[in-house]
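Here is the structure we will look at, set down as structure tokens.
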Amino acid sequence: MKFQREAVPEWPHQVKALPGCERIFSCIQCGTCSGTCPLSIYMDFTPRRIMSLLREGFRNEALSSETIWLCASCYACTAHCPQDIHITDVMYSLKREAIKNNLYPKRFPIPVLAREFYAIVKSRGRNWETLLVLRMALRSNPFILLGMVKSGWHLLRTGRLGFSGEKIRNPKELQREITIPKEAV
Amino acid sequence: MPELVQISSPVEEGPFEPRIVAFFCNWCTYLAADLAGTSRLKYAPNIRVIRVMCSGRVDPQFILDALAKGADGVLIGGCHPGDCHYQEGNYKAYRRVVVLKRMLHDWGIEEDRFRLEWISAAEGDKVRTVVNDMVEKVRALGPLKLGVPQEEFAEEMA
Amino acid sequence: MSNSNGTVRIGVYICHCGSNIGAVVNCPAVAEYAAGLPHVAVSRDYKYMCSDPGQELIIQDIREHKLDRVVVASCSPLLHEHTFREALAHAGLNSFFLQMVNIREHDSWVHSDHAAATAKAQDLVRAAVRRVVLHKPLERRQVDIDASVLVVGGGIAGIHAALTLANAGKKVYLVEREPSIGGHMAKFDKTFPTMDCAACILTPKMTQVRSHKNITLWTLSEVSQVSGYVGNYEVKVKRWPRYILEDACIGCQECIEACVFKQGKTEDEFNEKLSKRKPIYIPFPQAVPQMVLIDPDNCIQFKSGRCKKTCVEACGERKAIRFDQQEAIETIKVGAIILATGFKTFDAKRIPDYGYGVYPNVYTSLEVERLVNASGPTAGEIVLRDGSTPKAVGIIHCVGSRDERTNRHCSRVCCMYSLKLAHLIKEHTGAEVFNFYIDMRTPGKGFEEFYQQLLNEGVHMVRGRVAEVADWALDPSEEGKLVLRVEDTLAGFARRIPVDMVVLSVGLEPQEDADEVRRLFNISCSPGGFFLERHPKLAPVSTFTDGIFLAGCCQGPKDIPDTVAQAGAAAAEALALIDAGHVEMEPNTAHVIEEECSGCKTCLPMCPYSAITFKEEEHHAWINEVLCKGCGTCVAACPSGSIVQNLFEDEEIYEEIKGVLNYA
Amino acid sequence: MSTTKPTQKSYLYFPGCSLRATGKAYEESMLELFQRLEVPLEELDDWNCCGATSYMAIDEDSAFMLSARNLSLAHQAGGGRDLLAPCAACYLVLRKTQDYAQKYPSIGREVADSLKTAHLPAMNSVKVRHPLEMLYNDVGVEKLRGKVARHWHGGHIACYYGCQTVRPYSEVDKAYNPTRMDELLRAVGIPTVDYSLKTKCCGGSLTGTIHDVGIRLNYVLLKEAVRKGAQAIVTICPLCQFNLDTYQSEISKQTKEHFDIPVFYLTQLLGWAVGGDVDKLGLQRGVSGRKAIKDWMMSHEGVESYV
């Protein structure tokens, strides 16, 4: 049983104000998103149910759902939604809010991946997949590495595992660029 | 009573509120404005609609007179080309507008202050967007300043 | 300035319209403000001006306060101008001494800032007060009405409207584009929810049309030109050749037998291209007129000129076949026109996810209507393209409805006809039938009961919009099937459902040429593209062009009961109009002040109705007020300002301009 | 300013991080192909990460600014040249950035400010292009057909377009039933099968994060390709290629079904067909279907270089 006091009525309106989320209230709950989503069968809430939670203001439930992390941003739902709701962009917004509020399910390393990726790019200007995989594995579940040994070996053999990561000339300047405006704004 | 007079002309004090005089044709744009109403679309209250049977009825003098007598902008709304209830009144309106635009330009009146829009009876939403857009543009321009005192301009125009 | 001796006395009335206006506009304040305006003798605000007591109020004031002008600030003049004009007339005042102010649609409903809305109302009222002072007494001109009616479109709507009028003794012209009347209804097998056979209830009406002495039926015909005005429309109708002499053909169809084509080679339009027909054919067994026609694109005689003409032999003495028949134009005069041009079904190819045109066993609902129809291509057997009977069938609702990318509207009939097809398919094949719906809409009489019946027949109802119809299999049970991927939104998980046949419940759309037709008859369209009614509630079959009425799906999606009801209503409206014998024209025509006319002839080319002529001897222009439709374009063009449009005189409009701007 | 020859349009090239690691073969084969087609290509100097999917998940604004920097550099590089982005993620993010900056003034302003602080010019209207769409529109099916130098005696191919390259900020091909890869391959004599999963998602980075789910998605894609009679798959996205290629042995173990088919980049097949140097097409980097690759493409030349 859900009590109305558990809902955050203003939340959907805050989300609606975000870029790409304008049409969330137009959802007619037809389920096309869930039907077209290759991952919905692995989700605890189908995308359609997330839209419903969102609209009804059940913030906690939506943000702590596994769904938003299972979303691989393939944009199938967005392309097929009869109400032209940009569901993928909504999922992004929820991911960001979840990370900000530390609400994501701990057993999912995606936020870790995202953060590691963020860190690497911030310091180097470019991603370094090898480093990313290692750091992510170490921070989430080192055993992933074992599972990866075989493919890792393949990659090594075929020269697809870069050991000298790439950099841009002046990462500092890039950091300034991507941090200053947010202070300015 | 006096405080009523105040409301009746909000432009006197406070921040600048543009005054737009609109001429809507009876068959398309006036209906569209009605539709906007029945659909409860909200738009800027700065517009005053004068109903004419056809945009072709709008005499260029009306527009100049409105500008001379204190309007900050004038909007004409007619049926889409080919949709005129009187077959081609909107074309006639268009031709006059082209000429008038040049005149206004010579008078130093910004072109955003005068607009001709085709709005069909189905386009209630377009009424909202057009009015809001025009009000914002005119607001940005500020009150209409004529090269000559309004009275004189009025003389010229009359 | 005053029309009569002495000064003008104006009564101003501000309507609250319940809370519609009153909740936003401060009506008492506006009334109080108006009271202070020049010439205003009485100024009141009242809950409902359009109510009897409201009108009575005006009538009383006119008498007691000797008012000779009235301003009513309420809803759009298009709604109640007539009402208040009547009130003035009732009080013995010329009804054109009225000016209305639209403070509902143009004010209280579109603004939320109360102060600004009230200020706007005051500006508009001020303008009206200043304008009405200049109003002149005017008389409506009466013109006679031609007592005949044109009905465009021979579907069930047009048929019912035509018969209703004809039975009332009126002359009716029924124009149909196809070779037979009957429209979409003639293609259906059963009709929901009663399941009575469409043909059984439709064909009697079709034959009545054919035999009715008051109805002239023109099939293979199209309206090509409309001129004139209410009560006096002149219409040109283009009639394509049938290549058959209508009076000579007795519909024996021996010519079809005799045709050099031993069997059909051309896709049969009536059977949704599920069968083939010959170049000489009859659209369907119950066609009206019961008469063959030749399709020149496929007839050898037309293509090569070297056919044995076995059809002509078969026809023999009757000599009904005429290869030399030409296109003809008929010109008729009618007092009213009823548009019953119907709809077209959504083209399922526009939604690639459903594989229509890619997978042969994906059908549209209309195709299945033909399949289940006893007189259809399979004689009522529901079989797949390979002749086998489906064991599992999926019916997808809302195809081309409730979809931002195609049509936003709900097509209203799909839920019910999908249930009907589900029932028929189950009955004919015993297959497992799955209905995939977004919302089940069964609001009509007996509809919900029918839905209950279907539920109990064991038809699957899955609430979810199918995401895709595809041929990829994840396990042996899906091999060679069409797999529907859908979220079962009530169960809360995604499902894969393999079926043999998919039925796409396509929505209803405006006809391909709705836009040209709209222009031809000078009416408007609603946002969805269907024809626009004069008022959604109070004038649902009228248009903004007097004398032109709407019936059936051309105005919006409808089921058969609603269509027939609306057709009857349209007929009644047309009847009321022409039975009056004459119609009163609005007096807003233009006239030339001869002594002021400089004779420059600028106005002549302005008039699209050539109502303006130039009197050489007197050297001035002259306007024929019977032809003038009152657009005022010539007035705006006249350099010497010597043309005047009643109700829209220059001075009146100048006063209105000064009024809204509060210019001294 | 650049030296654009009126005869052959030249392009700027944005490799993106993947093409420098797991996607090396994509870059190698593309460069080789374009050289054969005489399409001038210049790498965007000092390009940075596009902002990509996972970055967006943390901080969209920064992601936009990362893209903006690249777009601005491209504008700076001059010549009004189009920017070629072979990686699906890069392509999408770069285009999304332009779309949002234009659709949402606030984002537009932020991006502009960030560029100012970095003393970079406004990003203006650099057109972001994808090799598939560029090959189809600018080079053209006919020119490719004319350039064919090798006769294909390999198997049928399933064209896998992936998700982000065709949706939703894309001009690469029709979002619902893309066909351009098929058309290009058929033009150079390589047969393709009708593959209804051509735009279904491969799970992207899920294979690394929620491994079992990612694996499952790729299993479905491989199974259907084989079922439709394909003996290889061709992709235009480094992540798709990586997932489909590297996990086949693992999938085989899990499902007891044997998968060992090559997963090519479009540029590898086209490059081979127009006579590209087999050593320069990164063919040896393929993990699965190595025997097929050898038999089909290396039996004549460069066999020795193949470990």
Query raised in the report: If you check every heavy atom in residues 410-418 of chain C against those of chain A, which residues fall under 4.5 Å?
Result: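 Not one residue of residues 410-418 of chain C has a heavy atom under 4.5 Å from chain A.
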**Report entry** Proximal to chain A - members of residues 442-466 of chain C, heavy-atom separation under 4.5 Å
**Finding:**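 Those residues of residues 442-466 of chain C which have a heavy atom under 4.5 Å from chain A are C:Arg463, C:Gly464, C:Arg465.
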Query - Residues which pass side chain to side chain contact (heavy atoms under 4.5 Å, CB included) with A:Gln14, listed by chain and number, not counting sequence neighbours - result: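 Testing A:Gln14 for side chain to side chain contact (heavy atoms under 4.5 Å, CB included), a comparison that skips the adjacent residues, returns A:Glu10, A:Trp11.
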Contact winner vs chain A - [options], heavy-atom pairs under 4.5 Å:
| options | result |
| --- | --- |
| C:Leu484, C:Thr406, C:Thr489, C:Ile438 | C:Thr489 |
| C:Asp353, C:Asp488, C:Asp439 | C:Asp353 |
| C:Arg402, C:Arg495, C:Arg496, C:Arg408 | C:Arg402 |

Query raised in the report: Within a radius of less than 6.0 Å around NZ of A:Lys16, do more than 12 heavy atoms belonging to other residues, nucleotides or ligands occur?
Result: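 At most 12 heavy atoms, drawn from other residues, nucleotides or ligands, come within 6.0 Å of this atom.
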Requested in this report: Give me the contact list for residues 25-44 of chain A versus chain C, heavy atoms only, anything under 4.5 Å, ordered by residue number.
Outcome: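 Within residues 25-44 of chain A, the residues that come under 4.5 Å of chain C (heavy atoms only) are A:Ile28, A:Gln29, A:Cys30, A:Gly31, A:Thr32, A:Ser34, A:Gly35, A:Thr36, A:Cys37, A:Pro38, A:Ser40, A:Ile41.
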Query raised in the report: Can you tell which of A:Arg48, A:His80, A:Arg49 has the highest number of heavy-atom pairs within less than 4.5 Å of chain C?
Result: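 Most heavy-atom pairs within the cutoff with chain C belong to A:Arg48.
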